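Scope of the values below: all heavy atoms of this structure, side chains included, with no hydrogens, waters or symmetry mates. Quick caveat, the model's predicted, so the values are computed rather than measured.
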Amino acid sequence: MKKLFLPVVFAALLVQSSCITTERESASSKNPDRVFTPTPEGQRARLTSKSILNSVRTTHHFSDTKNKDNFVLLLQGTKILNSQARFIITSSKGDTLRNEVIPALALLDERELEDPQAATVRDKEIGILKGMNNFFREDRFTSPAIPRSMTTAPVADQEAWQAVRDDNKSVGFDYITSGGRERRIAFARKLNKAVIVAE
């Protein structure tokens, strides 16, 4: 029995080991003399400048008093710190009302960091993601978009500003753009477009 058992076990191990191939063998099976070399780390990245790293969405009344519009913030790029935030507003019918690109660093509120001077890359990335989550806070929407007490336009487009001011049901949205500047946009129904009413 022992004489029959050992050759069978040996044959089974031989068959099993012949089926196992290493990464080097499978990668270089066409040319056995070629040594396997992995793709350099910098070339392995599948992320591009168009890759979406994070997205935040909400709906809110903006261009229409009956139907809510879609507000979207997309973080695009290869790394959070040097990415761009694309701010898009589309109507309930699918029309694009606003499409703006903001540097991701504009979303970082340095007051949220314990020590802005000693903040690590990870701290800043977490701060940017928090800024994205707070971008569409309810307190950033105001109605009417321009208070009746305001009589002079702080922007160059007087006609758009006046169209929004005359609309008591207009909705304004406040956000921070590049350079840390605050901006308010609203939908001018007379002109059928989203306009900047304060900066």
Sequence neighbours excluded, which residues qualify as side chain to side chain contact (heavy atoms under 4.5 Å, CB included) partners of [X]?
| X | value |
| --- | --- |
| Lys93 | Ser91, Asp95 |
| Ser92 | Asn67 |
| Ile126 | Arg122, Lys130 |
| Asn82 | Thr78, Lys79 |

Review point. Given Phe187 and Leu97, is the side-chain contact (heavy atoms from CB on, under 4.5 Å) satisfied, shown in steps?
Key: CA-CA 8 Å; Phe187 191 79; Leu97 307 176; 3.8 Å; yes

Please set out all donor-acceptor pairs under 3.5 angstrom arising from side-chain atoms of residues 191-199, sequence neighbours excluded.
from   : atom 1 : to     : atom 2 : distance (Å)
Glu199 : OE2    : Arg181 : NH2    : 3.4
Glu199 : OE2    : Arg183 : NE     : 3.0
Glu199 : OE2    : Arg183 : NH2    : 2.5

As an exercise, state the distance from [atom1] of [X] to [atom2] of [Y], rounded to the nearest 0.5 Å.
| X | Y | atom1 | atom2 | result |
| --- | --- | --- | --- | --- |
| Lys68 | Thr59 | NZ | OG1 | 4.5 Å |
| Ser178 | Ile102 | OG | CD1 | 7.5 Å |
| Thr58 | Asp69 | OG1 | CG | 11.0 Å |
| Leu108 | Ile128 | CG | CD1 | 5.5 Å |
| Asp174 | Arg184 | CG | CZ | 4.0 Å |
| Met132 | Asn54 | CE | CG | 4.5 Å |

Practice item. With side-chain contact (heavy atoms from CB on, under 4.5 Å) as the test, would you mind laying out the steps for Glu125 and Val121 before giving the verdict? Key: CA-CA 6 Å; Glu125 288 176 344; Val121 170; 3.7 Å; yes

Check your understanding: Tell me the ring pair (Phe, Tyr, Trp, His ring centres under 6.0 Å) pairs involving residues 104-135, sequence neighbours left out?
Key ->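 Residue pairs with at least one partner in residues 104-135: Phe87-Phe135, Phe135-Phe173, Phe135-Tyr175.
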
**Study point:** Minimum heavy-atom distance Ile185-Phe62, with the two atoms named
**Key:**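 Ile185 and Phe62 have their closest heavy atoms at O-CE1, 3.9 Å.
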
Check your understanding: So which heavy atom on Leu53 is nearest to which on Ile80, and how close?
Key ->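 Residues Leu53 and Ile80, closest heavy atoms: CD1-N, 3.8 Å.
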
Review point. Are Gln76 and Ser51 close enough that a side-chain donor and a side-chain acceptor fall under 3.5 Å?
Key: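 Ser51 and Gln76 do not have a side-chain donor-acceptor pair below 3.5 Å.
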
The criterion is salt bridge (Lys or Arg N to Asp or Glu O under 4.0 Å); which residues satisfy it with [X], sequence neighbours excluded?
| X | value |
| --- | --- |
| Arg137 | Asp139 |
| Arg189 | Asp167 |
| Asp123 | none |

Review point. Which salt bridge (Lys or Arg N to Asp or Glu O under 4.0 Å) pairs, counting each pair once, include a residue from residues 49-65, with sequence neighbours left out?
Key: none

Check your understanding: Any link between Ile176 and Leu105 through a network of hydrophobic side chains (Ile, Leu, Val, Met, Phe, Trp, Tyr) touching at under 4.5 Å?
Key ->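 In one cluster with Ile176: Leu105, no.
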
Check your understanding: So Phe71 and His60, side-chain contact (heavy atoms from CB on, under 4.5 Å) or not? Walk me through it.
Key -> CA-CA 7 Å; Phe71 287 71; His60 203 282; 3.9 Å; yes

Please set out all donor-acceptor pairs under 3.5 angstrom arising from side-chain atoms of residues 140-150, sequence neighbours excluded.
from   : atom 1 : to     : atom 2 : distance (Å)
Ser143 : OG     : Ser170 : O      : 3.0
Arg148 : NH1    : Arg165 : O      : 2.8

**Study point:** Side-chain cluster (under 4.5 Å, hydrophobic types only) that Leu74 belongs to, other residues
**Key:** Ile52, Val72, Ile88

Review point. When you look at Arg86 and Asn99, which way does the side-chain contact (heavy atoms from CB on, under 4.5 Å) test go after all the steps?
Key: CA-CA 7 Å; Arg86 184 172 293 278; Asn99 188 348; 2.9 Å; yes

Point to revise | Residue Glu182 excluded, over 12 heavy atoms near CD under 6.0 Å | key: no

